[in-house]
Every structure is written in C-alpha cells, then in structure tokens.
Amino acid sequence: MRRTVPLAVALLGLLLAVPGCTTIQQIAALRSVDFELDRLSNGLVAGVDLDRLSRGGQLGPADIARLGTAAARGEVPLRFTLHVGAENPADNPVVAQLVSLDWTLFLDGTETVSGVYNDDRRIPPGTAVDLPIEMELDLVRFFGRNAGDLAQLVGNLAGAESQRQTVRLDARPSINTEFGQIRYPGVLSIEFPVGGR
C-alpha cells in the first residue's frame with residue numbers, strides 16, 4: 001500500500017537535510033523576535049481626536065454629542081495607527097527579515113478587522129523596528145449604537161478613562177527564503193492594555 005508524505009513533513013525533511021540552511025536560520029531568527037504593541041497614534045473617531053484625549057483631555061459634551069450623532073446615523077468610523085514593535089535580541093546571531101504580517105484586531109475581546117501589513121523589514125540583532133499599521137473600522141458594526149458604551153470605549157482607547165480595556169493583535173509574520181515566502185508557524189497574540197488611569 002502506497003503512503004503519501006504530507007508536504008510540510010517532506011519540506012521539513014528537505015530543509016533539515018541541507019547543512020547550515022539559510023532558511024532554517026531565518027525561521028529561527030524570526031522566532032526569536034519579540035513583538036509587542038507599543039502605542040496608538042493619529043486616532044480619530046467620529047471627529048473626536050484620540051491623541052488629544054491621551055494627552056490628558058476628557059470627553060466633553062461636544063465630543064459625546066458627535067459620538068451620539070454618528071451612532072444615530074449608524075456609523076462611527078474609527079481610524080488610528082497601531083505601532084507594533086519588533087525587537088531582535090542582541091544574542092540572536094542572525095538578522096531577522098520580515099516581509100509581511102497577517103493580522104486580526106481585537107478590541108476588548110471582540111474580533112473586528114483583519115488585514116496584511118506589507119513592508120520588507122530587516123531586523124539586525126540588538127535592534128528594534130516600528131511596524132506602523134493603519135487601522136480603520138466602524139465601531140457600530142462591532143459594538144452597537146449605544147452612545148454611552150461607545151463613549152466609554154473611545155475614552156478607554158485613548159487612555160482617558162479609568163476602566164481598563166485590551167487591544168489585541170493576532171499576527172502571523174512571513175519571511176522570504178530561497179524556497180519562497182514562509183509564514184510563521186502559529187499565531188502570535190500581542191496584547192496592549194489601555195485605560196485604567
């Protein structure tokens with residue numbers, strides 16, 4: 001009886017058969033990279049500037065009115081840049097090379113939008129790079145039209161409220177190798193608590 005060998009097993013066997021294979025080194029280098037959510041910037045939701053709130057401002061009556069009007073229309077657009085830090089430890093002897101990052105954004109445990117960050121980045125040992133990912137979503141679609149709940153969420157995202165929320169990015173980096181593009185084996189869950197003043 002003929003048995004077939006799964007493609008992944010065959011590829012792994014081929015890679016392991018090549019002494020000092022660059023591909024194995026690149027995968028190992030990428031696995032050593034520490035990813036973290038650094039900060040949010042350029043945030044704007046229904047005309048409310050999240051950066052202003054994060055600098056110590058509060059949601060005022062005009063801000064709440066904007067959110068309420070937008071919620072009544074059924075659309076509360078949120079745009080911001082999520083900065084992902086990628087640090088290659090100094091004791092990692094290989095330059096890590098990231099070519100793309102598949103991602104899914106979770107706000108306070110709720111899955112929202114997904115996308116791909118495409119930017120070829122070399123990360124030498126002992127250095128960190130910033131991966132700025134542009135995010136855009138409609139809060140009503142995921143959190144409903146309640147203006148009070150939306151105002152609380154917006155204030156927490158800006159760090160202007162006392163209730164702590166969590167921003168999470170589930171990500172899968174990819175690298176280029178002589179065998180083509182290879183995705184990271186597994187999903188990285190990177191969390192960033194906001195709010196909780």
Side-chain angles (χ1 to χ4, degrees), residues 8 11 23 25-46 48-51 53-54 75-89 92 94-125 127-144 149-150 152-159 163-177 179-196:
L11 179 59
T23 300
Q25 293 175 348
Q26 288 173 324
I27 292 172
L30 187 59
R31 287 185 71 107
S32 297
V33 172
D34 295 320
F35 292 89
E36 66 175 7
L37 299 186
D38 184 36
R39 68 190 187 283
L40 283 69
S41 70
N42 303 320
L44 192 66
V45 56
V48 178
D49 182 359
L50 296 184
D51 290 347
L53 298 179
S54 68
E75 186 175 321
V76 180
L78 169 63
R79 298 179 186 87
F80 62 93
T81 303
L82 183 62
H83 295 268
V84 177
E87 181 178 1
N88 192 358
N92 186 7
V94 180
V95 173
Q97 183 145 1
L98 175 78
V99 294
S100 68
L101 189 76
D102 293 18
W103 55 264
T104 300
L105 176 70
F106 292 77
L107 294 179
D108 201 30
T110 300
E111 181 176 343
T112 59
V113 292
S114 299
V116 180
Y117 175 78
N118 287 305
D119 191 3
D120 199 340
R121 293 296 189 93
R122 288 171 50 84
I123 315 171
T127 64
V129 298
D130 176 47
L131 310 176
I133 304 176
E134 301 299 322
M135 303 279 177
E136 184 171 345
L137 65 144
D138 176 16
L139 291 180
V140 167
R141 177 181 168 195
F142 301 104
F143 299 99
D149 291 345
L150 292 173
Q152 181 73 47
L153 176 64
V154 168
N156 288 333
L157 287 175
Q163 184 178 337
R164 184 173 287 274
Q165 303 244 299
T166 300
V167 176
R168 188 178 98 222
L169 202 70
D170 281 0
R172 288 193 71 182
S174 296
I175 61 171
N176 263 338
T177 74
F179 298 102
Q181 194 171 105
I182 293 181
R183 297 175 78 195
Y184 188 90
V187 175
L188 299 170
S189 285
I190 318 164
E191 293 192 350
F192 179 67
V194 294

Backbone N or O of I123 within a donor-acceptor pair of the N88 side chain at under 3.5 Å? yes

All heavy atoms of V116 vs all of W103, minimum pair found to be N-NE1, 3.5 Å

Tell me if a side-chain donor or acceptor on D38 pairs with a main-chain N or O of V84 at a distance below 3.5 Å. no

Quick check: closest heavy atoms across D49 and G43, and the distance to 0.1 Å? OD1-O, 3.5 Å

Specify the closest pair of heavy atoms between R183 and D102, including all atoms of both residues, with the distance to one decimal. NH2-OD2, 3.0 Å

Would you sort out whether V167 and L107 count as a side-chain contact (heavy atoms from CB on, under 4.5 Å), showing the intermediate values? CA-CA 5 Å; V167 176; L107 294 179; 4.0 Å; yes

Using only atom types and a distance under 3.5 Å, with no angle test, would you say the side chain of S174 pairs donor to acceptor with the backbone of V99? no

Begin with the C-alpha distance, continue with both residues' side-chain angles, and end with the deciding distance and a verdict on side-chain contact (heavy atoms from CB on, under 4.5 Å) for Q97 and D120. CA-CA 7 Å; Q97 183 145 1; D120 199 340; 3.0 Å; yes

Please confirm whether the backbone N or O of D130 pairs with a side-chain atom of R121, one donor and one acceptor, at under 3.5 Å? yes

Rounded to the nearest 0.5 Å, what's the gap from CD on E134 to CZ on F80? Could you check? 9.5 Å

OG1/T110 to CZ/R168 distance, rounded to the nearest 0.5 angstrom? 10.0 Å

Can you tell me how far apart CG (L131) and OG (S100) are? Round to the nearest 0.5 Å. 11.0 Å

Can you confirm whether S114 sits close enough to L105 that some side-chain heavy atom of one is under 4.5 Å from a side-chain heavy atom of the other? no

Reported CZ-to-OG1 distance for the pair R172 and T104, which is rounded to 0.5 angstrom: 11.0 Å

What verdict does the side chain to side chain donor-acceptor pair (under 3.5 Å) test give for T166 and D108, after you've listed the backbone C-alpha separation in whole Å, the side-chain angles of each residue and the deciding distance to 0.1 Å? CA-CA 5 Å; T166 300; D108 201 30; 5.3 Å; no

Full working for side-chain contact (heavy atoms from CB on, under 4.5 Å) between L98 and V129: CA-CA 11 Å; L98 175 78; V129 298; over 6 Å; no

Note: A171 and L101 closest approach over all heavy atoms is CB-CD1, 3.8 Å

Specify the closest pair of heavy atoms between E111 and F142, including all atoms of both residues, with the distance to one decimal. O-CD2, 3.6 Å

Would you give the length of the straight line joining atom CE of M135 to atom CG of L40, rounded to the nearest 0.5 angstrom? 8.5 Å

Full working for side-chain contact (heavy atoms from CB on, under 4.5 Å) between F143 and V76: CA-CA 10 Å; F143 299 99; V76 180; over 6 Å; no

Which of L153, V48, L139 passes side-chain contact (heavy atoms from CB on, under 4.5 Å) with L78? Answer is L139

Look up atom CG in L50 and atom CG in L44, then write down how far apart they are to the nearest 0.5 Å. 7.0 Å

How close do P132 and Y117 get, counting heavy atoms only, and between which atoms? O-CE1, 3.2 Å

